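Reading through the structure tokens given below for one structure.
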Amino acid sequence: MIHLRNILPFLLVAFISACNKPKEHTAPAINPRDSVSMMKSFGVNTLISDSGVMKYRIVAERWEVNEVLNPPRWIFKRGIFMEQFVQSFHTEAYVQADTAYYYTIKKLWHLIGNVRVKTVDGLRFNSEELYWDQNRHELYSYCFSRVITPERELQGTYFTSDERMQHYTVSNSVGSFQKNGADNKKDNNNPKTDTVASDSTPKRAPIVPRMK
């Protein structure tokens with residue numbers, strides 16, 4: 001028969017040993033949504049290729065790359081200036097904005113704040129927001145936009161165009177352009193008049209991506 005007084009010393013030793021054992025501290029699992037950017041660069045001036053051809057130059061104060069967020073994206077929170085080249089390395093257009101996001105899988109640019117575009121043909125585009133879908137090769141904006149060319153100026157609440165801004169549409173627009181030919185001649189008896197231009201809304205509107 002085992003008496004309590006015989007096993008008590010062994011229980012006491014086991015209890016002291018358990019108290020002296022260091023406690024392992026563990027942290028909660030990292031949530032992918034809380035992950036920070038995988039790359040962060042400052043003072044960026046770099047060339048970007050597309051299908052093996054050098055097509056763009058990006059200048060930015062801060063460039064973040066985050067492949068964990070859904071969808072993965074590049075982030076330019078302190079502004080971006082981007083030039084687009086033709087194969088001869090002549091600048092075809094430039095784009096600038098206060099903030100920009102590039103969704104790498106969708107190949108979609110989202111430009112926000114003081115968006116400015118100028119093409120080699122002299123076309124200028126101004127708006128507070130612009131989407132550039134490189135898969136569909138189109139630009140579009142749901143904000144008030146202004147398009148200025150050497151011939152006319154258009155303003156409207158919806159804009160869509162091809163990548164080179166050679167074929168574009170401005171909906172709910174009001175603008176003016178000078179008529180060509182003899183009507184452009186101005187004299188005292190027949191002063192020059194401007195023609196009001198109004199463009200219709202396209203049948204298919206691009207889809208705005210969900211922002212996360």
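The basis for the numbers below is simple: all heavy atoms, side chains too, and nothing from hydrogens, waters or symmetry mates. Just so you know, these numbers come straight off a predicted model, no measurement behind them. Sequential numbering from 1 along the given sequence is applied to the chain's residues.
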Report whether [X] and [Y] are members of the same hydrophobic cluster (ILVMFWY, side-chain heavy atoms less than 4.5 Å apart, transitive linking).
{"X": "V65", "Y": "I105", "value": "no"}
{"X": "F42", "Y": "M38", "value": "no"}
{"X": "V120", "Y": "V117", "value": "no"}
{"X": "V59", "Y": "V44", "value": "no"}

When rounded to the nearest 0.5 angstrom, what is the spacing between [atom1] in [X] and [atom2] in [Y]?
{"X": "D133", "Y": "Y140", "atom1": "CG", "atom2": "OH", "result": "5.5 Å"}
{"X": "H167", "Y": "T160", "atom1": "NE2", "atom2": "OG1", "result": "12.5 Å"}
{"X": "I148", "Y": "L154", "atom1": "CD1", "atom2": "CG", "result": "10.0 Å"}
{"X": "T91", "Y": "K118", "atom1": "OG1", "atom2": "NZ", "result": "11.5 Å"}

Close side-chain approach of [X] to [Y], heavy-atom, < 4.5 Å:
{"X": "S145", "Y": "V170", "answer": "no"}
{"X": "V147", "Y": "Y168", "answer": "yes"}
{"X": "K40", "Y": "R62", "answer": "yes"}
{"X": "Y102", "Y": "Q134", "answer": "yes"}
{"X": "K55", "Y": "Q84", "answer": "no"}
{"X": "E64", "Y": "W74", "answer": "no"}
{"X": "R73", "Y": "Y103", "answer": "yes"}
{"X": "I80", "Y": "I58", "answer": "yes"}

With ring centroids as reference points, do [X] and [Y] lie under 6.0 angstrom apart?
{"X": "Y94", "Y": "F81", "value": "yes"}
{"X": "F159", "Y": "F125", "value": "yes"}
{"X": "W63", "Y": "Y101", "value": "no"}

Problem set entry | Non-neighbouring partners of F144 that pass ring-ring contact (aromatic ring centres under 6.0 Å, His included), sequence neighbours left out |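 For F144, no residue satisfies ring-ring contact (aromatic ring centres under 6.0 Å, His included) once neighbours in sequence are set aside.
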
Exercise. Going through the distances and angles, do W109 and V95 end up as a side-chain contact (heavy atoms from CB on, under 4.5 Å)?
Worked result: CA-CA 11 Å; W109 284 94; V95 181; over 6 Å; no

Please report the closest heavy-atom contact between [X] and [Y], naming both atoms and the distance.
{"X": "A100", "Y": "L111", "answer": "CB-CD2, 3.6 Å"}
{"X": "Q166", "Y": "S161", "answer": "N-OG, 4.4 Å"}
{"X": "K106", "Y": "N135", "answer": "O-ND2, 2.8 Å"}

Exercise. Yes or no on side-chain contact (heavy atoms from CB on, under 4.5 Å) for R57 and N45, after CA distance, side-chain angles and deciding distance?
Worked result: CA-CA 7 Å; R57 181 170 73 95; N45 188 339; 3.3 Å; yes

Among all residues two or more places apart in sequence or in another chain, which pass the side chain to side chain donor-acceptor pair (under 3.5 Å) test with [X]?
{"X": "R124", "result": "none"}
{"X": "Q96", "result": "none"}
{"X": "T46", "result": "none"}

Donor-acceptor pair, side chain of [X] and main chain of [Y], under 3.5 angstrom:
{"X": "S141", "Y": "C143", "result": "yes"}
{"X": "N66", "Y": "I75", "result": "no"}
{"X": "S127", "Y": "L130", "result": "no"}

Exercise. Hey, what's the ring geometry for Y131 with H110, parallel, tilted or perpendicular (30° and 60° as the breaks)?
Worked result: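 Plane angle under 30°, so parallel.
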
Problem set entry | side chain to side chain contact (heavy atoms under 4.5 Å, CB included) partners of D98, counting only residues at least two apart |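 Testing D98 for side chain to side chain contact (heavy atoms under 4.5 Å, CB included), a comparison that skips the adjacent residues, returns N114.
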
Problem set entry | Qualifying salt bridge (Lys or Arg N to Asp or Glu O under 4.0 Å) pairs with a residue from residues 156-173, counting only residues at least two apart or across chains |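 Residue pairs passing salt bridge (Lys or Arg N to Asp or Glu O under 4.0 Å), neighbours aside: E92-R164.
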
